[in-house]
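Just below is one structure, and these are the notes that go with it.
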Amino acid sequence: MSGSPIWHPFTQHGLGEPIPLVTHAEGAALYTADGRRIIDAISSWWVTTHGHRNPRIMAAIAEQAHKLDQIIFAGWTHEPAEELARGLLAILPPALTRVFFSDSGSTSVEVALKMALGYWLNIGQPRHRLLVIEHSYHGDTIGAMSVGARGAFNRAYEPLLFDVGTIPFPASGAEQATLDALERECRDRPAALIVEPLILGAGGMLFYPAWVLTEMRRICAAHDVLFIADEVMTGWGRTGTLTACEQAGVVPDVMCLSKGLTGGAVPLAVTLASEAIFEAHRSTDRAKLFFHSSSYTANPMACAAAAANLAIWREEPVLERVASLAARQATRLKALAGLAGVTNSRALGTITAIDLETRDKGYLSALAPRLLAHFRDRDLLLRPLGNTIYVMPPYCIDDADLDAIYVAIAEAAGLFA
Ligand SMILES: *Cc1c(COP(=O)(O)O)cnc(C)c1O
């Protein structure tokens, strides 16, 4: 063995692609050991909202490190978790009354699915079937993969994934077919529908309108099917509002939040649930308790970081920054959209995406590594999904950095489309 012993995620080590060593970061920039300044155009995989090393979040972690590092959370509690839970309820819809902690988006989804099945069992009407939207992504653990799209990502594990009911993606002009399919599937008394609200992220930055989300929620409620909103990517201002559900006037029964929960500084996730779901588990019968935990559930330093993120949301004009970023990206996207080889340009909140017109699509296409290299050579962190190039920067990014990103995408259209 030569070089590093590290096995990286979503990395084909056999291709020998360079793996930059990052030494520090600030705002929208990453700095490497070989002296480069890299623009973080995808918020370090969709997590960094306010920018790297936000001073308030860093200070909160440092301060908490002087008091309490870690404590079992089964039957114990601590102030950062209590403060965070109260703060979350204060800014989210009142129908979400309970906060369950975990440590990643995938686990927050596992928790949501277990809550839904536990609810139906505990009220004496067991249900097991879950409904999903075509092309969805909800994480990489077995349960999260089961409710996500099948493909190259999970071929080896497919025999282990459980069956779900899949409704078609509500593509433009075909929304009614999605709603009709949901209506049909709901008659089989499924436990829940899980959705990525407004944007399917890893599935290719696929957008659908708010009224479809509203309608899906209405149909689920009418058929007594639980509605789970996976806001792991869309939460914390990404789509222009605190949550994407807000734009559709939708209040889910269960909501998953992670990625931007700590401003993107440290891992933490929450699954919020309605009182009815909590009540179904609350009993003097110990067999009905919610059987889920991980060692680091509600780690105090992570909770302190998230509480600082909430304070930033309360006290600083975060949504104005989001709106400004949206406007600044809109003009640049418009210029891109006019170029030959660029199609399907779209934007919502801080996220923009285009597709390159090419025969060579798909995640495993030969185009992907060439695009990656193109952006790497220009000191940009961009990670296209097949022929889809998207931008999702930290909210503090300046105009010069945005220009560099959009110039490089325009060049890519010229070279590869
Ligand atoms: C990233 C993501 C997840 C998984 O989160 P991890 O923290 O990577 O486990 C789940 N759902 C959605 C919508 C995501 O974008």
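What you see below is based on every heavy atom in this structure, not just the backbone, and it leaves out hydrogens, waters and symmetry mates. Order of appearance sets the numbers: ligands from 1, and atoms from 1 within every ligand. If you read the sequence from its start, that first residue is 1, and numbering goes on from there.
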### Query
Do Glu185 and Arg129 pass the salt bridge (Lys or Arg N to Asp or Glu O under 4.0 Å) test, and can you show the C-alpha distance, the side-chain angles, and the key distance before you say yes or no?
CA-CA 10 Å; Glu185 289 279 355; Arg129 189 170 171 76; 3.4 Å; yes

### Task
Could you find the nearest protein heavy atom to atom 7 (O) of ligand 1 and give me its residue, atom name and distance?
Gly105 N, 2.8 Å

### Task
Apply ring-ring contact (aromatic ring centres under 6.0 Å, His included) to Phe101 and list each qualifying residue two or more places apart in sequence or on a separate chain.
Phe73

### Atom indices of ligand 1 within 4.0 angstrom of Met233 heavy atoms, with elements
15 (O)

## Note on the structure
atom 14 (C) of ligand 1 has as its nearest protein heavy atom Lys259 NZ, 3.0 Å

### Query
Who's the nearest protein heavy-atom neighbour of atom 12 (C) of ligand 1, and how far?
Asp230 OD2, 3.4 Å

## Note on the structure
Under 4.0 Å from one or more heavy atoms of Ser104, ligand 1 contributes atoms 7 (O), 9 (O)

### Task
Could you give me the CA-CA distance, side-chain angles and deciding distance for Thr388 and Asp355, then say whether side chain to side chain donor-acceptor pair (under 3.5 Å) is met?
CA-CA 4 Å; Thr388 298; Asp355 297 342; 2.9 Å; yes

### Query
Should the pair Arg98 and Phe278 be classed as cation-pi, given the thresholds of under 6.0 Å to the six-membered ring centre and 45° from the axis?
yes

### Task
Give yes or no for whether the N/O distance cutoff of 3.5 Å, strictly under, is met between Glu196 and ligand 1.
no

### Task
Could you tell me which atoms of ligand 1, counted from 1 in the order shown, lie closer than 4.0 angstrom to a heavy atom of His138?
10 (C), 11 (N)

### Query
Distance from Gln64 atom CD to Cys303 atom SG, nearest 0.5 Å?
8.5 Å

### Query
So Phe290 and His281, would you call those rings parallel, tilted or perpendicular, with 30° and 60° as cut-offs?
perpendicular

### Query
Should the pair Phe10 and Phe153 be assigned to parallel (<30°), tilted (30 to 60°) or perpendicular (>60°) ring geometry?
tilted

#### Entry: Proximity to ligand 1 by part of Trp46, non-hydrogen separation under 4.0 Å
side chain

### Message
Suppose we measure from atom 8 (O) of ligand 1 to each protein heavy atom; which comes out shortest, and what is that distance?
### Response
Ser106 OG, 4.5 Å

